[in-house]
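Residue numbering restarts at 1 for every chain, and letters A, B, ... go by the order of the sequence lines.
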Amino acid sequence: MLQIYDTLTKKKAPFTPLKTGEISIYVCGMTVYDYCHIGHARVMVSFDVITRFLRSTGWKVDYVRNITDVDDKIIKRATENQESMPALTERMIEAMHEDEQKLFVLPPDQEPRATAHIQGIIDITQTLIDKGYAYPASNGDVYYRVAKFEGYGKLSNKNIDDLRAGARVAVNDAKENPIDFVLWKTAKEGEVSWDSPWGAGRPGWHIECSAMSKHCLGDNFDIHGGGPDLPFPHHENEIAQSEAANGCTFANLWMHAGAVRVNSEKMSKSLGNFFTIRDVLKKYNPEVVRLFLASVHYRSYIDYSEASLKEAQTKLERFYQALRGITPVAAPLDNTYQADFNAAMNDDFNTPKAIAVLFELVNDLNTASRQKDAATGALAHQLLALADSIGLLQQDPESFLQGDAKEGEISADVIEALIVDRKQARANKDFAESDRIRDALLAQGIVLKDTREGTSWFRES
RNA sequence: GGCGCGAUGACAGAGUGGUCAUGUAGCGGACUGCAACUCCGUCAACGCCGGUUCGAUUCCGACUCGCGCCUCCA
């Protein structure tokens, strides 16, 4: 039985889908004005793990992750770069797709872009005005009338009075109330804009998700997800917009990933302490990053550090060492691994516990392999099948372990040649020479492993 | 100030009212020419103070410390 923690109720509860066997998920994706950082990677990977697992257990998943390709930051950045807004967003979307592909993140089923849903945005805004939940102001902007929406604050536990008292938003005389937020912004001279009943302008920040989710999944859908900083104000405002406009519950359940930290501080754009995915991938195999992110429950914070990435690297080496040279066989196996693994994942996607099951399986696999047990191939197959259900162990063991020679690193050909020399030296009992070769390789990060069948090697990072 | 989250062995990180998490590191052994890989064994923990209980790391309350949101950020 699938159980999921809901940000709104703050409880973990059995999941009930709108349609039997089907799950609709809308996740807030990227605002494309810069390269993705590890925080973005966490959201991408978390929901990729979740959707892969759900599918592996028979759910039909409709996974939507949007792209916000018009907003203040994008306009600002495009101006700074002296490039057009579409040129900037196209560039960043392409980079994002490269990053996620490297991380073994499958594309969402639908990836709507805000600029393709302007009409939907205008329609919702008009509906909100008609229903009295929004008003065109003297400056031409259209604002949401927060006080009018009864449930405002229910997701993030805010109440309107506290927000008003502590409002740090710059005072804006055009608003009826300082906590009102903008749905439609009047375009400034020379800015990108679309025609609307309220003049040329562009959408505010939150309205695009109300429009895109409505278009892709309907007025009411199963799960809405996103990063740790989205419950307030973004998701709170989405609820206010969608529920007021559509007159029904918006998302049935809310999921939020935990923060990535660096030195005990949240990694964020505004603090400037972020690492981009592409920078990290220069040093680590993409699957190392994936395993690092899956090593902690998706709702907890995770600390980014060289040590934790190294640890993930070591773990992955253990997995691939176990699989190396073994031919998986799809044979029935009498064990509880599958059941334990699925139980862990069905319990609010407990990846650390699920991965612990994989390690227990590795131990059995290694033992079987040592003893030339007939179950070896079946165990390897089981390990690969379980890992695959969360998008791990996607690479060939040999090529993962040997890696690609990076700039200035010793090539596979040279290594193989030295191994032949060493084999000759060992045959001659010239251990001084054989050890010299091994040490020389080790100094370049190449570790040798002698087996009855010969010598294999892997690249340490 | 308001709302919320967390504190587990050397480190990372799950979990449970009374028997093992798991991984790395350490220690002892096997394998090996010596190693590495691998295997066997082993050490080690539940912030602090009360309460409930036959029994609490696990439930309840106070405290201390750390963190997040309340403003753009995944």
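Protein atom CG of A:Leu163 is 15 Å distant from nucleotide atom P of B:rC69, rounded to whole Å. Rounded to an integer number of Å, the gap from A:Arg299 CZ to B:rG4 C1' is 13 Å. What separates NE2 of A:His256 from P of B:rG4 is a distance of 17 Å, to the nearest Å. For A:Trp254 and B:rA74, the CH2 to P distance is 16 Å, given to the nearest whole Å. B:rU38 atom P lies 10 Å from atom CG of A:Asn363, rounded to whole Å. Distance, A:Phe232 CZ to B:rA74 P: 17 Å, rounded to whole Å. Going from atom CG of A:Leu293 over to atom C1' of B:rG13 covers 15 Å, rounded to whole Å. In this structure, the CG atom of A:Leu271 is 13 Å from the P atom of B:rC67, given to the nearest Å.
The gap from the C1' atom of B:rC5 to that of B:rG9 amounts to 24 Å, rounded to the nearest Å. For the C1' atoms, the distance from B:rA25 to B:rU19 is 26 Å, rounded to whole Å. Nucleotides B:rC72 and B:rA12 place their C1' atoms 32 Å apart, quoted to the nearest Å. For the P atom pair drawn from B:rG6 and B:rG15, the interatomic distance equals 11 Å after rounding to whole Å. Comparing B:rC48 with B:rG66, their C1' atoms are spaced 15 Å from each other, to the whole Å. Between B:rC60 and B:rG23, the two C1' atoms lie 34 Å apart (nearest whole Å). Only the C1' atoms considered, B:rA56 is 13 Å distant from B:rG50, to the nearest whole Å. Distance noted for atom C1' between B:rU58 and B:rA7: 14 Å (whole Å).
Within the nucleic acid shown, A:Asp229 comes within 4.0 Å of at least one base atom, counting heavy atoms only. Contacts of A:Thr367 with the nucleic acid, taken as non-hydrogen atoms under 4.0 Å apart, involve only primed sugar atoms and P, OP1 or OP2. Base engagement by A:Ser268 is indicated by at least one non-hydrogen atom pair under 4.0 Å involving a base atom. Nucleic acid contact class of A:Gly258 (heavy atoms, under 4.0 Å, all strands): base. At the heavy-atom level, A:Ala257 lies nowhere under 4.0 Å from the strands shown. A:Val27 comes within contact range of no nucleotide atom at all, as no heavy-atom separation falls under 4.0 Å. Backbone-only engagement by A:His297 is indicated by non-hydrogen atom pairs under 4.0 Å involving sugar-phosphate atoms exclusively. If you check every strand for non-hydrogen atoms under 4.0 Å, A:Gln371 touches nothing.
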Q | Pairing annotation in dot-bracket form, given for RNA chain B with Watson-Crick or G-U pairs under 3.5 Å and | for cross-strand partners | A | (((((((..(((.....[...))).(((((.......)))))....(.(((..]....))).))))))))....
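Taking 4.0 angstrom as the limit, A:Lys266 places a side-chain polar atom (N or O) nearer than this to OP1 or OP2 of B:rC69. Side-chain nitrogen and oxygen atoms of A:Lys353 include none within less than 4.0 Å of the OP1 or OP2 phosphate oxygen of B:rA21. Dashed line: the shortest gap from a side-chain N or O of A:Ser300 to OP1 or OP2 of B:rA14 is under 4.0 Å. For B:rG4, the OP1/OP2 oxygens have no side-chain nitrogen or oxygen of A:Asn157 closer than 4.0 Å.
Going from atom CG of A:Leu365 over to atom NE2 of A:His381 covers 13.0 Å, rounded to the nearest 0.5 Å. To the nearest 0.5 Å, atom CZ of residue A:Arg422 and atom CD1 of residue A:Ile415 are 13.0 Å apart. Put simply, CG on A:Leu333 and CG on A:Leu379 are 5.0 Å apart, with the number rounded to the nearest 0.5 Å. Interatomic distance, OG1 of A:Thr455 versus CG of A:Leu448, reported as 6.5 Å (0.5 Å rounding). To the nearest 0.5 angstrom, A:Glu398 atom CD is 11.5 Å from A:Leu323 atom CG.
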(Q) Is there a side-chain contact (heavy atoms from CB on, under 4.5 Å) between A:Met96 and A:Val105? Walk through the geometry before answering. (A) CA-CA 11 Å; A:Met96 174 184 80; A:Val105 169; over 6 Å; no
Q: Please step through ring-ring contact (aromatic ring centres under 6.0 Å, His included) for the pair A:Tyr63 and A:Tyr26, ending with a clear verdict.
A: CA-CA 6 Å; A:Tyr63 174 32; A:Tyr26 182 93; 9.5 Å; no
**Q.** Annotated protein contacts, base or backbone, on nucleotides 24-36 of chain B with a non-hydrogen cut-off under 4.0 Å, one of B, S, - each
**A.** S--------BBBB
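Using a 3.5 Å distance cut-off with no hydrogens or angles, the side chains of A:Asn428 and A:Glu433 do not pair a donor with an acceptor.
Distances were taken from every side-chain heavy atom of A:Lys158 (C-beta onward) to each of B:rC70, B:rA21, B:rC72; the shortest belongs to B:rC70. Listed candidates were B:rU22, B:rC73, B:rA14. Nearest to the side chain of A:His40 is B:rC73. Nearest nucleotide to the side chain of A:Val296, out of B:rC73, B:rC67, B:rG13: B:rG13. Checking B:rG4, B:rA74, B:rG15 against the side-chain heavy atoms of A:Asn350 singles out B:rG15 as nearest.
Residues satisfying the ring pair (Phe, Tyr, Trp, His ring centres under 6.0 Å) test with A:Phe232, not counting sequence neighbours, are none.
Between A:Asp71 and A:Glu360, the residue whose closest nucleotide on RNA chain B is further toward the 5' end is A:Glu360. Two residues, A:Ala356 and A:Asn366, neighbour RNA chain B, and the one matched to the more 5' nucleotide by heavy-atom proximity is A:Ala356.
The cationic atom of A:Lys269 (NZ for Lys, CZ for Arg) lies less than 6.0 Å from the six-membered ring centre of A:Tyr33 and within 45° of the ring axis. For the pair A:Arg299 and A:Tyr5, the distance from NZ or CZ to the six-membered ring centre is under 6.0 Å and the angle to the ring normal is within 45 degrees.
Below 30°, between 30° and 60°, or above 60°: for A:Phe221 and A:Phe250 the angle between ring planes is above 60°, a perpendicular geometry.
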